[in-house]
Amino acid sequence: MTFQEELLEGIPSELPQPPKFDPKTNRAPKRKEVLCPEEKKLALKNALRYFPVEWHQELAQEFLEELKTHRRIYMYRFMPQHEIKARSISEYPGKSEQAKAIMLMIQNNLDHQVAQHPYELITYGGNGAVFQNWAQYRLTMKYLAEMTDEQTLVMYSGHPMGLFPSTKNAPRVVATNGMMIPNYSKPDDWEKFNALGVTQYGQMTAGSYMYIGPQGIVHGTTITVLNAARMKRPDGNFKGLLFVTSGLGGMSGAQPKAAKIAGLVSVTAEINPKAAYKRHEQGWVDVVTEYISDLIVKVRKAVSEGKAISFAYIGNIVEVWEAFDEAGVKIDIGSDQTSLHNPYAGGYYPMGMSYDQANTLMAEDPKTFKNVIQTTLKRHAKAINKHTAKGTYFFDYGNAFLLEASRAGAEVMTDEGNFRYPSYVQDIMGPLCFDYGFGPFRWVCTSGKPADLDKTDAIAASVLEEMLNEAPDEIKPQLSDNLHWVKEAKKNELVVGSQARILYADAEGRMRIASAFNDAIKQGAIGPVVLGRDHHDVSGTDSPYRETSNIYDGSQFTADMAVQNFVGDAFRGATWVSLHNGGGVGWGEVINGGFGMLLDGSEDAEAKLKSMLFWDVNNGIARRNWARNPHAMSSIERAMKAEPKLKVTTPNLVDEELLNDLF
């Protein structure tokens with residue numbers, strides 16, 4: 001059977017043989033037991049409805065065994081035989097180029113070089129899933145291969161509900177993930193309903209098919225680390241500065257690469273050896289060590305020589321903070337990017353036990369596991385506090401570290417009841433990027449040709465150079481940083497999986513770059529291009545402990561912006577749209593919306609990109625403006641001058657003294 005035939009097959013006509021697993025492939029941890037016997041029956045009924053009745057007896061036993069072994073039904077038997085990776089768009093079967101582009105993006109999310117736990121359909125973050133099981137993957141790919149540009153595929157948390165009639169201007173896919181009734185949106189609810197097979201955690205770009213490997217966050221991480229370093233050394237001489245953090249799986253794997261690009265020495269702790277060595281093989285970290293004494297010697301040498309070098313330590317991050325304190329190693333900048341949105345199900349690991357030992361305890365004794373996690377969080381915070389007392393600049397990296405540490409009873413709160421340390425959005429990304437409309441614009445060259453990526457880099461650089469000559473002074477630093485970034489991108493070997501790139505751009509920059517791409521496609525200089533972004537952006541996400549943590553009017557706990565973003569993108573030209581409960585800070589803690597758009601060189605694509613990208617950014621700037629964020633207020637004024645049809649409600653500022661006199 002060919003690759004194309006397998007995609008068109010959907011659920012096979014004959015029961016496939018059980019698969020063989022590569023022992024080197026990283027696997028999802030065993031989840032905790034959450035279903036009673038009656039609920040397990042329901043989970044089996046839910047799984048078996050994908051298959052013919054004559055297979056049920058055999059599959060029921062097999063799926064029950066998966067429930068016992070993994071506490072989830074992944075349907076491993078139905079994994080595809082052909083390698084999953086982003087191929088050229090021309091290799092995908094179908095009647096719709098837009099649908100083919102989505103198939104390419106789905107396969108990129110599940111590429112073994114890209115995904116964190118590919119056998120379990122998890123792209124990153126420990127539980128960020130593309131689908132719940134392999135039957136859903138097969139059906140979705142079949143629907144996409146069959147659909148026309150007058151149909152829309154509706155996705156319910158990984159399940160393809162079906163193809164519905166629509167129009168060519170409607171999205172080809174509308175995906176929602178984990179959209180729970182609010183009172184059923186606690187972490188244990190995810191465990192239960194995911195085990196039942198009725199919902200999933202799509203993270204941000206996993207369940208929306210827009211993940212591009214660790215490159216997807218490396219630019220934002222570079223911006224963050226650069227500006228954190230500028231707080232320590234405003235002159236820009238970062239030689240010998242030491243950055244300490246943790247997490248090398250999924251998105252967090254970008255940290256050592258970003259720190260090196262910024263010119264710092266970095267240490268990233270990772271408890272999972274497979275994840276650490278995978279990043280080393282991919283060239284994202286320079287040196288791997290399992291010994292803390294060896295690490296101290298090598299770090300001291302790198303700092304003294306001022307060399308930008310990245311170290312991965314296989315072990316617990318708390319060991320690093322404590323050992324560096326005892327040895328007198330000065331940490332200049334510190335953070336954490338473990339998946340603390342998921343602290344008790346594989347996102348964070350306790351001190352005093354191996355990765356495998358911890359996974360066993362997590363599955364067999366969740367109560368004890370939670371206790372040791374909270375004990376570790378308290379030690380973690382205590383060690384950080386010792387370093388910050390000596391001058392370390394520590395920031396929360398939006399992974400819910402401070403939130404979960406506070407819930408564990410760690411010393412991370414001030415006397416006024418606020419977090420002791422800022423979120424990186426509060427100090428850096430919010431005021432310097434989001435309020436001006438700058439966010440993670442990304443694109444994928446669907447031809448799969450590196451030469452096309454090179455051409456798009458050059459096009460983007462040319463547009464940014466033009467903008468830099470015209471821009472107001474307040475956004476020139478962002479444009480300069482991004483121009484430098486895209487010119488250096490190829491040299492930094494950022495591609496893992498698809499031929500993709502990311503840079504931070506505002507609405508004008510996104511529209512001008514996209515329009516230039518569309519012209520190049522029309523002229524035959526490059527193949528079609530998929531546009532997208534991380535949901536971690538100006539408008540896409542309502543998250544009070546991360547993306548909207550620099551909004552102070554109380555609305556950081558509302559989710560109107562993300563929902564409006566999703567809906568608005570859908571009727572302004574997006575090829576696909578997605579809305580998720582959960583993301584980088586956890587299930588029930590955030591709502592985020594995303595999109596994908598195919599540029600094919602057509603006039604339709606030109607009209608859509610201008611309509612949708614303008615809205616996609618300015619929706620968020622308008623909201624930030626209403627929250628009285630000064631840079632957003634000036635940014636929306638510029639947007640209204642550029643587009644006469646835009647009329648935004650702006651705030652009247654109140655004299656603080658007037659209010660103070662009343663209380």
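Residues take their numbers from the sequence shown, with the count starting at 1. Please read all numbers here as calculations on a predicted model, not as lab measurements.
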Taking G178's backbone N and O only, do any of them form a donor-acceptor pair with S157's side chain (distance below 3.5 Å, no angle check)? yes
Working to the nearest 0.5 Å, report the span between CG of N550 and CE of M429. 10.5 Å
Would you call the rings of W576 and Y209 parallel, tilted or perpendicular if under 30° counts as parallel and over 60° as perpendicular? tilted
Check each of N492, D481, D534, N482 against H219 using the side chain to side chain donor-acceptor pair (under 3.5 Å) test, and report the only one that passes. N482
Between F434 and H631, ring centroids under 6.0 Å: no
What heavy-atom pair brings Q337 and N399 nearest, and what distance separates the two atoms? CA-ND2, 3.6 Å
I need the W485 CH2 to S480 OG distance, nearest 0.5 Å. 16.0 Å
Is it true that a side-chain atom of D655 and a backbone atom of E657 form a donor plus acceptor pair closer than 3.5 Å? yes
Using 30° and 60° as the class boundaries, would you call the ring planes of F441 and W443 parallel, tilted or perpendicular? tilted
Between Y421 and F394, how do the two ring planes meet: parallel, tilted or perpendicular, split at 30° and 60°? perpendicular
Between A489 and D457 the two heavy atoms that sit nearest each other are CB-OD2, 4.5 Å
Short side-chain donor-acceptor distance under 3.5 Å, Q255 and T245: yes
Side-chain donor/acceptor of S635 to backbone N/O of G437, under 3.5 Å: no
How about Y504 and F438: are their ring centres within less than 6.0 Å of each other? no
Can you find a side-chain donor-acceptor pair between D616 and S539 that sits under 3.5 Å? no
Could you tell me whether the side chain of S208 and the main chain of M204 form a donor-acceptor pair under 3.5 Å? yes
Which pair of heavy atoms, one from Q116 and one from G126, lies closest together, and at what distance? OE1-N, 2.8 Å
Would H341 and Y397 count as a close aromatic pair, with their ring centres under 6.0 Å? no
May I ask you to decide if the ring planes of F395 and F243 are parallel, tilted or perpendicular, using 30° and 60° as cut-offs? parallel
Within-4.5 Å side-chain heavy-atom neighbours: V114 and N108: yes
